[in-house]
Protein chains: 2
Amino acid sequence: MQSEKITADYGKLRRWYRDACGTALAMDLIGERWALLIVRELLLGPRRFGEIRGALPGLSANVLTQRLEGMEKAGIMRRRTLPSPANAQVYELTRWGYALEEPIFALSRWAAGSPAHDVTLPLSNTAFMLSLRTMMDPRVDPAFAPDLGFRIGGEPFRAAIVQGRLAIERREPEGAGIVFVGEPLKLAATFYGPAPLAESIREGRVEVTGDLGQAQRFVTLFRLPAFPAD
Amino acid sequence: MQSEKITADYGKLRRWYRDACGTALAMDLIGERWALLIVRELLLGPRRFGEIRGALPGLSANVLTQRLEGMEKAGIMRRRTLPSPANAQVYELTRWGYALEEPIFALSRWAAGSPAHDVTLPLSNTAFMLSLRTMMDPRVDPAFAPDLGFRIGGEPFRAAIVQGRLAIERREPEGAGIVFVGEPLKLAATFYGPAPLAESIREGRVEVTGDLGQAQRFVTLFRLPAFPAD
DNA sequence: CTGTATCCGTGTTGATACTG
DNA sequence: CAGTATCAACACGGATACAG
C-alpha cells in the first residue's frame, strides 16, 4: 500500500521513541528484532541475502527484506552489485555500520555473563569467529604472533593477532601456521571449555594442523566472563 | 538453580533467538522495547515506578510492569523496599545490571553519529546527566578537578572528574564550586552546541553559579561524535 | 537463486480505564 | 502512587505465490 511506503521513511509505520538520548536513537536504529544479528553477519565483510538467511534460522525472508531496507535508509549498510562476472548483489556495512562492532562486542561480553547463557544452542560460523575477537584476552604477549587459519562449518577464515586484537578475514587458510577445522559449537566447546586442546582433538571436537604447542597457547587466550555475584 | 529457571521459561515468555551468540542473548535479555531505556533510568541509582514512568513518556504502565518483572527474573534488577519510614518500593540494578553501562555508552556514542540524531526531542534529566559521562573527553587534564553541582529539571546531582571519567551522584548540589541549573534540552544545547557558555547564560538556557572560567573550561570537554563519511 | 508481495495466525505493544 | 485489566492496532513468523 502506498500509505505504508510513505510512512516507512520516518513516519508512523514504526514506533519511534522520539527521544534525544543516544540510547533511544540506537534502539530506534538497530533495536528491531533481528537487526543487530544481521549486522553481526556482515561484520566480517559483505554477504548475500541467502547467506544471511542461512546463518539466521527463524528469520523469514520478508522480515530480512524489511531490515535490509530500513538499515540501508538509516545509512548503516548499502546494497552493492559485485563486478562482472559475479554480478551478484551483496549487502555490506558502511563505515558507520562497521562502527557497530564496539557496541556489539560490549553487549556480547555483558550477556556472556548471564546465567541463562546456553552454549549448546546453534551458533553461526561468523558468530563463532567474532566471539574469538570479542573474548580474546587483550593482554596477550606481543611476541606471540601466530599465523592462524580456520575452517568453520566449511567456511574459510584467516586470522592474526594485531596489537592485542584478533584480525579476521574471510579467506582460505592455506599456508597458515596453525589451522583449526570443525563445527562452530564444537569449536566453542574447545575454546571456552575447561579441557585442554589435546582432549578436544582426541574426542573429535576439532582438527588441528600445525604446531600444537602454539595452538594450545592460542586457545588459552579465550575465556568467558563470569556472572558477577550480587 | 537459577539458570534452570531462566532456561525453563525460554519457550514461553516471548520470542527468543535460541542462539549461543552473546549478541543474540543480549537482545533476548534487553532487546525488548523500552528495556534498555528503563535500565538507563536506573543507572544513577534506584528509582520508583512513577519516576521511571515520568521519565519515559510513551511507556505505558503495563509494559513497564512486564519489563521490570522480566528483567528482575533475568537477574538484571531487583525490587527493594526502602527502610522505614520511607517504606517505598524502588527498583535497582544488580551489579550485573550496572555492567550494562558500558554497552549503553557504546551504543549512545555510536548512535550520536547518526544524521537522524535530533537534539530537539525530549530528554530526561537522567539521560542528560548520563550523556555527560558518555561524551566527556577522557583525555582531560588530571589537574582539572572541579567540584560540580547540577539541578536538571529540578532534580539535584553532584559530579566530579575521577580518573578521566565523570562520577555522578543523585545528591543536592549545595556547596559545589560550580552549579549548573536548567532544563535538560537547554543544557544539552549549552554543552553540545557551538556557542560559548556566556551566550547560553545570556540567552537564559542555563544558570551558572561559581567560577565562570572553570565552568567554561568544563563545558568545552563535551562534544558529539561526527557521522563518519563513507 | 534472489528477492518481493501477499495473506494469515499469533504474540506484543500501547491507550484507556480501573482497583487497592 | 503503584500497579492490573481490557482491548484494538500492530509486528512477527510461516507459507505461498510470483518475478528476474
Side-chain angles (χ1 to χ4, degrees), chain A residues 1-5 7-8 11-19 24 27-28 30-38 41-42 46-73 77-82 84-92, chain B residues 9-19 24 27-38 41-42 46-72 77-82 85-92:
Chain A
M1 238 200 267
Q2 187 154 13
S3 63
E4 282 179 358
K5 258 192 177 160
T7 53
K12 295 120 202 167
L13 177 67
R14 240 184 64 47
R15 295 159 169 156
W16 299 82
Y17 286 118
R18 302 176 178 284
D19 186 315
M27 294 315 279
D28 277 337
I30 46 80
E32 279 179 308
R33 200 162 164 70
W34 295 108
L36 212 50
L37 301 190
I38 294 167
E41 288 300 319
L42 298 179
R47 307 239 75 186
R48 308 200 51 175
F49 189 93
E51 291 177 310
I52 301 171
R53 259 206 99 177
L56 299 172
L59 168 59
S60 57
N62 50 6
V63 171
L64 178 52
T65 301
Q66 287 173 34
R67 292 297 168 276
L68 292 170
E69 274 176 4
M71 292 196 282
E72 185 173 10
K73 269 180 191 153
M77 62 180 56
R78 75 168 73 80
R79 261 172 111 133
R80 192 158 60 87
T81 303
L82 253 32
S84 177
N87 249 356
Q89 291 243 50
V90 292
Y91 296 87
E92 71 178 351
Chain B
D9 294 339
Y10 220 74
K12 298 169 186 176
L13 290 184
R14 53 180 303 279
R15 293 163 169 152
W16 300 79
Y17 287 116
R18 300 172 178 285
D19 187 314
M27 293 315 278
D28 278 338
L29 292 167
I30 46 79
E32 280 179 307
R33 202 159 163 71
W34 296 108
L36 213 51
L37 301 189
I38 294 167
E41 288 299 319
L42 298 179
R47 306 240 75 185
R48 307 201 50 177
F49 189 94
E51 291 177 311
I52 301 171
R53 257 207 101 177
L56 298 172
L59 167 59
S60 58
N62 51 3
V63 172
L64 178 53
T65 301
Q66 287 173 35
R67 293 297 167 277
L68 292 171
E69 276 174 3
M71 291 197 281
E72 186 173 10
M77 62 179 58
R78 75 169 72 81
R79 259 173 112 133
R80 193 158 60 89
T81 303
L82 252 33
N87 250 356
Q89 291 242 52
V90 293
Y91 296 87
E92 70 178 351

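Side chains are part of it too, since the values below use all heavy atoms of this structure and drop only hydrogens, waters and symmetry mates. To find a chain, count down the sequence lines: A is the first, B the second, and so on, and within it residues start at 1.
Taking atom CD1 of residue Ile52(A) and atom C1' of nucleotide dG3(C), one finds them 12 Å apart after rounding to whole Å. A straight line from CD of Gln89(B) to C1' of dC1(D) spans 12 Å, rounded to a whole angstrom. Following rounding to the nearest Å, Leu68(A) (CG) and dT2(C) (C1') show an atom-to-atom distance of 12 Å. Following rounding to the nearest Å, Leu82(A) (CG) and dG3(C) (P) show an atom-to-atom distance of 12 Å. One interatomic measurement links the two molecules: CZ of Arg80(B) to P of dA2(D), which rounds to 15 Å at whole-angstrom precision. Distance Arg47(B) CZ to dA2(D) C1': 16 Å, rounded to the nearest Å. Distance Leu64(B) CG to dG3(D) C1': 9 Å, rounded to the nearest Å. Taking atom CD1 on Ile38(A) and atom P on dC12(D), their separation rounds to 11 Å, with Å as the unit.
With a 4.5 Å cut-off on side-chain heavy atoms, Arg47(B) and Val90(B) do not count as touching. Within the 4.5 Å cutoff, side-chain heavy atoms of Arg79(B) are placed close to those of Glu72(B).
Contact annotation: Arg79(B) side-chain N/O to dG3(D) OP1/OP2 distance is under 4.0 Å. For dT4(C), one of the phosphate oxygens OP1 or OP2 lies less than 4.0 angstrom from a side-chain nitrogen or oxygen of Thr65(A). A close approach under 4.0 Å does occur between a side-chain nitrogen or oxygen of Arg48(A) and OP1 or OP2 of dT2(C).
Atoms CG and CG, on Leu29(B) and Leu36(B) in that order, are 11.0 Å from each other to the nearest 0.5 Å.
Using a 4.0 Å cut-off between a side-chain N of Lys or Arg and a carboxylate O of Asp or Glu, Glu92(A) and Arg78(A) qualify as a salt bridge.
By the ring pair (Phe, Tyr, Trp, His ring centres under 6.0 Å) test, Tyr17(A) is found to be paired with Trp34(B), residues two or more places apart in sequence or in another chain being considered. Applying the side chain to side chain contact (heavy atoms under 4.5 Å, CB included) criterion to Arg53(B), with sequence neighbours excluded, gives Phe49(B), Ala61(B), Leu64(B).
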For nucleotides 13-20 of chain C, just jot down a letter per nucleotide in 5' to 3' order: B, S or -, based on protein non-hydrogen atoms under 4.0 Å. SBB-----
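Smallest separation of non-hydrogen atoms from Pro57(A) and Ala55(A): CD-O, 3.3 Å.
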